[in-house]
*Asks:* 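One structure, pasted below without further comment.
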Amino acid sequence: MNEPTPGQWPVTEPNDLDTAEADEQGRQHLALAKARAARALPMASIRADLEAQPSVACVRAAQRSWQSEITAVADDVVKQLRNAA
């Protein structure tokens with residue numbers, strides 16, 4: 001009943017990340033993990049900020065702030081891509 005499930009912490013036998021890239025499946029796994037982390041970590045940060053707000057109105061204000069900041073970053077990236085082309 002107390003058997004750890006795959007991915008559960010603490011890990012008794014961690015994967016050797018140095019050898020994980022030795023085969024195609026290992027490379028794909030690392031790429032997927034990197035892609036998930038690249039999205040999950042910022043989203044967790046945004047969620048934590050929203051959950052820290054004291055009221056619905058504050059949550060909506062923080063939401064609008066996040067949206068405008070993300071839009072500004074996207075606009076900068078688009079500008080850079082157009083200038084590079």
Side-chain angles (χ1 to χ4, degrees):
M1 179 149 173
N2 290 336
E3 286 292 313
T5 59
Q8 185 178 1
W9 188 261
V11 177
T12 57
E13 295 179 25
N15 289 335
D16 183 5
L17 295 179
D18 292 330
T19 60
E21 293 185 2
D23 63 352
E24 184 60 27
Q25 184 177 4
R27 283 190 291 277
Q28 289 176 351
H29 175 74
L30 290 176
L32 179 60
K34 183 179 177 182
R36 283 183 182 163
R39 183 162 182 88
L41 294 176
M43 291 305 298
S45 176
I46 292 170
R47 174 179 278 279
D49 180 57
L50 295 174
E51 288 175 347
Q53 302 306 315
S55 69
V56 172
C58 291
V59 170
R60 292 301 182 191
Q63 170 198 355
R64 288 188 294 275
S65 176
W66 279 108
Q67 285 175 319
S68 65
E69 289 182 44
I70 292 168
T71 300
V73 169
D75 290 343
D76 287 344
V77 171
V78 167
K79 184 178 178 181
Q80 289 175 0
L81 289 172
R82 286 183 176 159
N83 288 340

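Computed from a predicted structure; not experimentally measured. Numbers for residues simply follow the sequence, beginning at 1.
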*Asks:* Any chance you could measure T71, atom OG1, to D76, atom CG, to the nearest 0.5 Å?
*Replies:* 11.0 Å
*Asks:* Could you pull out all residues at least two apart from R47 that satisfy salt bridge (charged side-chain N to carboxylate O under 4.0 Å, His left out)?
*Replies:*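 Salt bridge (charged side-chain N to carboxylate O under 4.0 Å, His left out) list for R47, sorted by chain: E51.
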*Asks:* Just distance, no hydrogens or angles: give the donor-acceptor pairs under 3.5 Å from side chains in residues 77-85, sequence neighbours left out.
*Replies:*
unit_1	atom_1	unit_2	atom_2	d
N83	ND2	K79	O	3.3

*Asks:* Can you name the closest pair of heavy atoms from P42 and A37 and give their distance?
*Replies:*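 P42 and A37 have their closest heavy atoms at CD-O, 3.9 Å.
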*Asks:* Is M43 reachable from V59 through a run of I, L, V, M, F, W or Y residues, each pair having side-chain heavy atoms under 4.5 Å apart?
*Replies:*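 Yes; tracing contacts between hydrophobic side chains, which count when under 4.5 Å, links both residues.
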*Asks:* To the nearest 0.5 Å, what is the distance between CZ (R60) and OG (S65)?
*Replies:*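 Between atom CZ of R60 and atom OG of S65 there are 14.0 Å.
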*Asks:* Taking side chain to side chain donor-acceptor pair (under 3.5 Å) as the test, write out the residues that go with Q67, two or more places apart.
*Replies:*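 So Q67 forms no side chain to side chain donor-acceptor pair (under 3.5 Å) with any residue.
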*Asks:* The test is side chain to side chain contact (heavy atoms under 4.5 Å, CB included); show your working for K34 and L30 and say whether it passes.
*Replies:* CA-CA 6 Å; K34 183 179 177 182; L30 290 176; over 6 Å; no
